Number of protein chains: 2
Amino acid sequence: MDQLRETLKGHHLRTTTCREDVLSAFINKKNALSHGDLEGALGESYDRVTIYRTLKTFLEKGIIHKVLDDEGLRYALCSQQCSEEKHQHDHIHFKCNACGKTNCLENSHIPNIALPQGYQPASFNLLIQGTCPECVAE
Amino acid sequence: MDQLRETLKGHHLRTTTCREDVLSAFINKKNALSHGDLEGALGESYDRVTIYRTLKTFLEKGIIHKVLDDEGLRYALCSQQCSEEKHQHDHIHFKCNACGKTNCLENSHIPNIALPQGYQPASFNLLIQGTCPECVAE
DNA sequence: AAATATTTTGCAACAGTGTTGCATTTAATA
DNA sequence: TATTAAATGCAACACTGTTGCAAAATATTT
């Protein structure tokens, strides 16, 4: 449980029960979570606004990153060490159309891509939709 | 101007001024447009709801496709011929962090990507963020 | 050209998502 | 334990997107 406090401290954040619970939710559920998912998971414990602010803070500090799919915005833990200064995310997000879960493929990398003249890329975001191993098995 | 009517007819849609104006906006502006962009461009001519429904219809008929970036949802013309039955989009979307515009790189293709065992991909969506040629030049 | 059937539109109302200001409470520090 | 600074809860609001229904417009038939 002190793991949570350490992570928060490591990112220069005060320890609060809300932050511990949100962080804990991200660690337990493996897949990306939306604000609504968190509201559901944490019940009535915290105000909606507090959860929004917690997500915003976690984003800024590099604890989580945004994950986009056609249904909207979700968040997932940063596996690589990210900080306020530097976010590094060139891995792939996979959304299963069967179970609806989105997660990060940790050991994947987006290959080099030849862009037309003049385009200067800074960050890459690849979402693949399809069927995940668990749903393929059924 | 009959171009518009033809396109609509080709997708089995009735010709209405709203549909013509929305389609026209997509053709004139080259970049991806959000619902809000269209509301701005079309002024008070049409009800918000009508624009939402027009976008939904265009999506279903394969006239436009969704483009996701970190700010939310936009739409862009399908360059390849899409229909109600089949959407085919493996091109790349580029968002310029300087001018804020997102567009499709028409001659680009997402390369083959090796997924971990068991994942069955169906569709790919790659967003690259950076600086576009026009903004690099400045 | 007028009548009909069908689709589309505008309006009202609503649900969901996200933000801001401010007073109160809580966490860290001295 | 007292002080300081940050985080929370509440109220209010703006934005985004959806649904039901009556009125209007389109395409079709006569």
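In what follows, chains carry the letters A, B, and so on, assigned in the order in which the sequence lines appear, proteins first and then strands, with residues in each chain numbered from 1. Given the structure is predicted, the values throughout are model-derived calculations rather than measurements.
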Rounded to the nearest Å, what distance is computed from the [atom1] atom of residue [X] to the [atom2] atom of nucleotide [N]?
X: Lys56(B); N: dT9(C); atom1: NZ; atom2: P; value: 14 Å
X: Ile51(B); N: dT18(D); atom1: CD1; atom2: P; value: 14 Å
X: His12(B); N: dT6(C); atom1: NE2; atom2: P; value: 18 Å
X: Asp21(B); N: dT8(C); atom1: CG; atom2: C1'; value: 15 Å
X: Asp47(A); N: dT26(C); atom1: CG; atom2: P; value: 15 Å
X: Arg74(B); N: dG17(D); atom1: CZ; atom2: C1'; value: 17 Å
X: Leu73(B); N: dT18(D); atom1: CG; atom2: C1'; value: 15 Å
X: Leu55(A); N: dT19(C); atom1: CG; atom2: C1'; value: 14 Å

Check ion pair Arg74(B)-Asp37(B) (N to O, under 4.0 angstrom) =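 Asp37(B) and Arg74(B): salt-bridged.
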Output yes when at least one side-chain N/O atom of [X] is less than 4.0 Å from OP1 or OP2 of [N], else no.
X: Thr16(A); N: dA27(C); answer: no
X: Thr15(A); N: dA28(C); answer: yes
X: Arg14(B); N: dA25(D); answer: no

With a 3.5 Å cut-off and just heavy-atom distances, do the side chain of Arg48(B) and the base of dG10(C) make a donor-acceptor pair?
->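 Side chain to base: no pair present.
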May I ask you to say what Ser45(B) touches in the nucleic acid, namely base, sugar-phosphate or nothing, with a heavy-atom cut-off under 4.0 Å?
->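 The residue Ser45(B) makes sugar-phosphate contact but no base contact.
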Answer with base, sugar-phosphate or nothing: what part of the nucleic acid does Arg19(B) contact at a heavy-atom distance below 4.0 Å?
->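 Touches sugar-phosphate only.
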Please name all residues satisfying salt bridge (Lys or Arg N to Asp or Glu O under 4.0 Å) with Asp70(B), sequence neighbours left out, ordered by chain then number.
-> Lys95(B)
Check step by step if side-chain hydrogen bond (donor to acceptor under 3.5 Å, both in side chains) holds for Asp21(B) and Tyr46(B).
-> CA-CA 10 Å; Asp21(B) 286 357; Tyr46(B) 309 103; 2.7 Å; yes
Which comes earlier along DNA chain D counting from the 5' end, the contact point of Leu13(B) or that of Arg53(B), where each point is its nearest nucleotide?
->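 Whichever sits nearer the 5' end wins; that is Arg53(B).
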Specify the residue among Tyr52(B) and Thr57(A) whose closest nucleotide of DNA chain D lies further upstream toward the 5′ end.
-> Thr57(A)
Answer yes or no: is there a side-chain heavy-atom contact under 4.5 Å between Lys66(A) and Leu59(A)?
-> yes
For DNA chain C, whose closest nucleotide is more 5', that of Val49(A) or that of Gly36(A)?
-> Gly36(A)
Mind checking the CG-CG spacing from Leu8(A) to Leu23(A)? Nearest 0.5 Å is all I need.
->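 The CG atom of Leu23(A) is 5.5 Å from CG of Leu8(A), to the nearest 0.5 Å.
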